[in-house]
There are 2 protein chains.
Amino acid sequence: MHPNKVPCYAFNARHASRHLTQFYDHTLAPSGVRVTQLILLNVLKLKGPLAINALAKSLEMDRTTLGRNLQPLERDGLLEMVRSQEDKRRKDVRLTPVGEQKLEHAMTLWHEAQLRFEEHFGVERAQRLLEELRAAAAAVEL
Amino acid sequence: MHPNKVPCYAFNARHASRHLTQFYDHTLAPSGVRVTQLILLNVLKLKGPLAINALAKSLEMDRTTLGRNLQPLERDGLLEMVRSQEDKRRKDVRLTPVGEQKLEHAMTLWHEAQLRFEEHFGVERAQRLLEELRAAAAAVEL
DNA sequence: TGACAATAGGTGTATATGCACAGAATATGC
DNA sequence: GCATATTCTGTGCATATACACCTATTGTCA
C-alpha cells in the first residue's frame with residue numbers, strides 16, 4: 001500500500017504537504033525560519049500591523065493555531081504584539097526590524113525553493129496545481 | 001493577502017491539507033477516528049502485521065511521527081504492538097478486533113467524505129488532483 | 001442605560017510533525 | 001569469531017494543528 005495506492009484525498013493532501021514542507025524547510029534552514037513562519041512574516045510586512053483574528057482570517061487559518069505559531073517569532077524578537085488602544089481586546093502584531101532582516105534572507109531562499117520546484121515539476125503544471133489546491137480547499141467549505 | 005494570493009507551493013499544500021483534513025475529521029467524528037488514523041488502520045488491515053519502519057516506508061511517513069501516531073491507537077486498544085521473535089529490534093503492529101470494528105465504521109463515513117468531495121470538486125478533477133499531489137511529493141525527493 | 005449579543009484573545013488538552021541523539025539487535029566482512 | 005556497519009526503535013525537544021471552554025471588551029437595542 002504505497003501512498004501511490006491510497007485513494008484518500010485528505011491523506012494525499014497531507015502527504016504532499018509534509019514533503020513540500022520538508023523541501024522548503026530544508027532550503028530555508030540557513031535563515032532559521034520555517035516556511036510557515038515565512039508566510040506569516042511576509043503577510044505582516046505587506047499588510048502592516050494586523051490583529052491576530054484579522055491575520056487568521058486573511059490566511060484562512062485557525063485563530064488559536066496562528067496565535068501559537070506567533071509565539072516563537074515573538075520570543076525571538078521577529079515580531080511584536082501590542083494591545084490596541086482603540087480596542088483593548090485586540091493585539092496588533094507587527095514585524096520588527098530584526099524580523100524584516102530575517103525575512104529578507106528567508107525570502108531569497110524561498111525563491112530558490114520555488115524555482116527548484118517549478119524546475120522539477122514544470123512551471124505551468126505548478127501554477128495549475130496551485131489553483132487546484134485553492135479550489136480543493138474552497139470545495140470543502142460548504 | 002488572501003491565501004488566494006500567496007503563491008507559495010508549500011503554503012498552499014498545507015492550506016489544502018488543513019482544510020481537507022478538517023472536512024474528513026468532522027465527517028469521521030462519530031467513529032472516534034481521525035483520517036490520519038483511519039489510513040494507518042486500513043493499511044494494517046490490508047497488509048497484515050507490519051513493523052513500524054515498514055509501515056513508515058510504505059506510507060512515506062517519518063518513522064518517529066508514525067511511531068507517535070500509533071500510540072493513541074494502541075492506548076485505546078485499536079492495535080497491538082509486539083516484539084518480533086525473529087528480530088528482537090522489530091515491533092510488529094497489528095489490528096485488534098476492536099480496531100477492525102472501529103475501522104469498519106470509520107470507512108463508511110470515509111466513503112461519504114470521498115463522495116461529497118468528488119461531488120463538490122468533480123470526480124475526474126479530483127482524480128487528477130490526486131495524481132498531481134503524488135507527483136508533487138515525488139518531485140521534491142531529489 | 002442596562003441587559004445581552006458579538007467579538008478578540010488566552011488556555012488546556014490532544015494529535016501531528018520531524019530533527020538530533022541514543023541504545024539495542026542484527027548483518028557483514030575479514 | 002570479532003570488529004564494524006547497518007537496521008529498528010525510543011526519547012527529548014520544538015513547532016503545527018484545532019477543539020472546547022474561558023475571560024474581557026465592545027457593540028446593540030429596547
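Chain A is the first sequence line, chain B the second, and so forth, proteins listed ahead of strands; every chain is numbered from 1.
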Distance check: side-chain N/O of A/Asn69 vs OP1/OP2 of D/dT17, anything under 4.0 Å? yes
If only side-chain N and O atoms of A/Gln71 are considered, is one of them under 4.0 Å from the OP1 or OP2 phosphate oxygen of D/dA14? no
Whole angstroms only, please: what is the [atom1]-[atom2] distance between [X] and [N]?
X	N	atom1	atom2	value
A/Ile39	D/dT15	CD1	P	18 Å
B/Leu20	D/dT17	CG	P	14 Å
A/Leu59	D/dA18	CG	P	12 Å
B/Arg34	D/dA18	CZ	C1'	8 Å
B/Ile52	D/dT11	CD1	P	10 Å
A/Tyr24	D/dA16	OH	C1'	19 Å
A/Arg75	D/dC13	CZ	C1'	11 Å

How long is the span from the CE atom in B/Met61 to the CG atom in B/Leu40, to the nearest 0.5 Å? 6.0 Å
Rounded to the nearest 0.5 Å, what separates atom CG in B/Leu28 from atom OG1 in B/Thr108? 10.0 Å
Given that A/Pro72 and B/Leu50 both sit by DNA chain D, which one's nearest nucleotide is further toward the 5' end? B/Leu50
Has the side chain of [X] got a donor or acceptor atom that lies under 3.5 Å from a matching backbone atom of [Y]?
X	Y	value
B/His105	B/Gln101	no
B/Glu100	B/Leu78	no
B/Ser17	A/Ser17	no

Could you go step by step and tell me if A/Asp92 and A/Arg94 meet the salt bridge (Lys or Arg N to Asp or Glu O under 4.0 Å) rule? CA-CA 7 Å; A/Asp92 287 323; A/Arg94 88 157 160 261; over 6 Å; no
What does [X] touch in the nucleic acid at a heavy-atom separation under 4.0 angstrom: a base, only the sugar-phosphate, or nothing?
X	result
A/Thr64	base
B/Arg63	base
B/Arg14	sugar-phosphate
B/His26	sugar-phosphate
B/Arg68	base

With a sphere of 6.0 Å drawn around CD of B/Glu141, does it hold more than 12 non-hydrogen atoms of other residues, nucleotides or ligands? yes
Less than 6.0 angstrom from the centroid, inside 45 degrees of the normal: does B/Arg14 satisfy that with respect to the ring of B/Phe11? no
Given that B/Gln37 and A/Gln22 both sit by DNA chain C, which one's nearest nucleotide is further toward the 5' end? B/Gln37
Contact interval (first through last nucleotide) of DNA chain C with protein chain B, 4.0 Å heavy-atom: C/dT15 to C/dT26
Salt-bridge present (A/Arg116, A/Glu119; N to O < 4.0 Å): no
Contacting residues from residues 78-99 of chain A, given that a heavy atom lies under 4.0 angstrom of DNA chain C: A/Arg83, A/Arg89, A/Arg90, A/Lys91
Considering all heavy atoms, the nearest B/Gly77-B/Thr96 contact: O-OG1, 2.6 Å
